[in-house]
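Scroll down for the structure; my scribbles are underneath it.
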Amino acid sequence: MGFDEKLLQEYYADSPDDISLEDVDMARVPRHVSIIMDGNGRWATARGLDRSQGHVAGVESLREAVTTSVRLGFDVLSVYAFSTENWKRPQREVNLLMHLFATTLVKELPLFHQENVRLRFLGDLEALPEETRLVFQRGLDETADHTGMVFALAVNYGSRAEIARAARELAAEVAAGEREAGSIDADAISDHLYTKGLPDPDLLIRTSGELRLSNYLLWQLAYSEFYVTDTYWPDFTRWDMLRAVRSFQARDRRFGGVK
Ligand code: FPP
């Protein structure tokens, strides 16, 4: 997507000891970075705070991650904000998260305008409270013309449900005589996922040290590089993103072939 050299230098001034902008090759940044933002609850509990305060702090981290991703020139930043399994959390926490999604989105619209960011949602939005759905639609409408980075928010998202939905849609097309069963290949499935048209993630970041995918982008992550950090999401900064990109650039990606 490209980046603004001057803004980037300013943004990454005052380096900590272990990392600086010079440690990454700006010609080889990942196109699509995806994040499983984990550890809000533990961050709060460790400080004697309510879990909800962890989510509020997590919003600030997400705001920084969006700006960082624009500065570094990613084409797509996607984040796992709420899974199909997260409905099992206490009602109070679910309500707070839904309210937080709505209020944050309205609050951050000026940032999306300023940075030319286009919003996108991954997941089944039908089940969300009306307040949240209406605000999401407003975000989609107001950023539809933006030509910069895509910011994809996975909300009420589950990968198995997404793949099952793609299978249903393809089966319906076959039943209607619109396509041959034999034409269903990997591209056809990709075209029926919520991520249709987006490149697959090059890099998946998971915070708080857990080593699992939690039903996130199972299809799309087939060849992605994984970066797991023990840092809790509310503590994740622009420097952590740089560390993740540096690690990504040290990998030898072969996509199943040889070099
Ligand atoms: C994981 O931490 C975090 C979530 C399930 C919610 C993520 C939401 C935010 C960061 C707020 C984002 C806001 C917007 C507008 C998208 P956890 O609660 O699972 O933490 P734990 O594993 O320590 O309990």
Side-chain angles (χ1 to χ4, degrees), residues 1 30-38 40 55 58-59 61-63 65-66 69-70 74-89 94 97-98 100-102 104-106 108-109 111-112 115 117-144 146 148-170 186-207 212-224 226 233:
M1 181 121 292
R31 282 185 72 193
H32 180 173
V33 174
S34 196
I35 308 179
I36 300 179
M37 309 179 289
D38 199 8
N40 292 349
H55 297 313
V59 171
S61 267
L62 184 55
R63 183 174 214 280
V66 169
S69 301
V70 172
F74 303 160
D75 290 347
V76 184
L77 172 71
S78 54
V79 299
Y80 204 6
F82 193 89
S83 75
T84 45
E85 289 72 36
N86 285 153
W87 297 107
K88 289 185 263 182
R89 294 188 174 207
V94 170
L97 280 169
M98 290 300 151
L100 205 55
F101 296 154
T104 304
L105 212 74
V106 173
E108 299 306 340
L109 276 173
L111 174 73
F112 300 149
E115 301 293 353
V117 167
R118 185 151 47 98
L119 260 184
R120 176 128 177 205
F121 293 97
L122 314 176
D124 178 8
L125 304 187
E126 294 288 316
L128 304 183
E130 197 183 5
E131 176 205 24
T132 312
R133 255 186 308 126
L134 289 175
V135 168
F136 282 8
Q137 191 56 50
R138 182 174 154 204
L140 285 174
D141 294 343
E142 287 201 21
T143 66
H146 292 174
M149 186 184 79
V150 171
F151 173 45
L153 209 51
V155 180
N156 194 23
Y157 175 86
S159 197
R160 288 183 170 179
E162 177 189 39
I163 294 169
R165 175 178 167 271
R168 277 195 305 279
E169 287 182 3
L170 287 161
D187 285 344
I189 293 176
S190 292
D191 281 347
H192 285 77
L193 300 178
Y194 293 119
T195 46
K196 178 180 164 55
L198 298 180
D200 287 338
D202 301 294
L203 171 63
L204 173 78
I205 298 171
R206 181 161 188 154
T207 58
R212 56 176 171 266
L213 276 181
S214 305
N215 200 17
Y216 185 58
L217 301 182
L218 302 181
W219 177 273
Q220 297 88 337
L221 292 170
Y223 286 103
S224 309
F226 289 6
W233 176 248

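The analysis underlying the following values was restricted to heavy atoms, covering all of them including side chains, and did not include hydrogens, waters or symmetry mates.
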### Query
Using a distance-only test with no angle check, is there a side-chain donor-acceptor pair under 3.5 angstrom linking Asp202 and His32?
no

#### Entry: Any Asp75 side-chain heavy atom under 4.5 Å of Val150 side chain
no

### Query
Does a side-chain heavy-atom distance below 4.5 Å link Tyr157 with Glu162?
yes

### Task
Indicate whether any N or O donor in one side chain lies under 3.5 Å from an N or O acceptor in the other, for Trp87 and Asn156.
yes

### Task
Determine whether Val79 and Phe151 make a side-chain contact, defined as any pair of heavy atoms from C-beta on separated by less than 4.5 Å.
yes

### Query
Taking the side chain as C-beta and beyond, is there a heavy-atom pair between Ser224 and Leu203 under 4.5 Å?
no

#### Entry: Distance in Å, Phe226 CZ paired with Ile205 CD1, rounded so as to fall on 0.5 Å steps
12.0 Å

### Message
Looking at every non-hydrogen atom in both residues, tell me the closest pair between Gly139 and Thr143 and how far apart they are.
### Response
O-OG1, 2.9 Å

### Task
Mind jotting down which residue pairs meet the salt bridge (charged side-chain N to carboxylate O under 4.0 Å, His left out) criterion with at least one end in residues 122-143? Sequence neighbours excluded, please.
Arg138-Glu142

#### Entry: Pairwise distance OH(Tyr216) to OH(Tyr80) - rounded to 0.5 angstrom
8.0 Å

### Message
Checking side-chain polar atoms at under 3.5 Å, does Arg206 have a donor or acceptor matched by the opposite partner on Ser214?
### Response
yes

### Message
Side chains of Ser78 and Ile35, heavy atoms from C-beta outward: is any pair under 4.5 Å?
### Response
no

### Task
To the nearest 0.5 angstrom, please state how far the CG atom of Leu198 sits from the CG atom of Leu122.
7.0 Å

### Task
Just do the side-chain contact (heavy atoms from CB on, under 4.5 Å) check on Arg165 and His192 with the steps written out, would you?
CA-CA 8 Å; Arg165 175 178 167 271; His192 285 77; over 6 Å; no

### Gly58 backbone acceptor or donor facing Trp233 side chain under 3.5 Å
yes

### Message
Nearest 0.5 angstrom please: Leu97 CG to Phe82 CZ, how far?
### Response
6.0 Å

## Note on the structure
Distance col, row Leu217:CG vs Ser34:OG, nearest 0.5 angstrom, shows 5.0 Å

### Task
For side-chain contact (heavy atoms from CB on, under 4.5 Å), just list the numbers for Val66 and Leu77, CA-CA rounded to whole Å, side-chain angles, deciding distance to a tenth of an Å, and then say yes or no.
CA-CA 7 Å; Val66 169; Leu77 172 71; 4.1 Å; yes

### Query
Which heavy atom of Arg120 sits nearest a heavy atom of Thr195, and at what distance?
NH2-C, 3.5 Å

### Message
Restricting to non-hydrogen atoms, name the atom on Ala102 and the atom on Val135 that form the minimum distance, rounded to 0.1 Å.
### Response
O-CG1, 3.4 Å

### Backbone N/O of Ala186 and side chain of Ser190: donor-acceptor pair under 3.5 Å
yes

### Task
Look up atom CG in Leu204 and atom CD in Gln220, then write down how far apart they are to the nearest 0.5 Å.
11.0 Å

### Query
Can you tell if the side chain of Leu218 reaches within under 4.5 Å of the side chain of Leu213, non-hydrogen atoms only?
yes

### Task
With the side chain counted from C-beta on, respond yes when Met149 and Arg118 share a heavy-atom pair under 4.5 Å apart, and no when they do not.
no

### Query
Should Asp200 and Tyr223 count as side-chain neighbours, where that means a heavy-atom distance under 4.5 Å?
no

### Ala81 to Leu153 - nearest heavy-atom pair and separation
CB-CD1, 4.3 Å

### Message
Given 3.5 Å as the limit, does a donor-acceptor pair link the side chain of Ser83 with the main chain of Asn86, or not?
### Response
yes

## Note on the structure
Heavy-atom nearest pair, Ser69 first then Ala65, reads OG-O, 2.7 Å

### Query
Do Trp219 and Ser159 get their side chains close enough for a donor-acceptor pair, meaning under 3.5 Å?
no

### Message
Quick check: closest heavy atoms across Gly158 and Asn215, and the distance to 0.1 Å?
### Response
CA-ND2, 3.6 Å

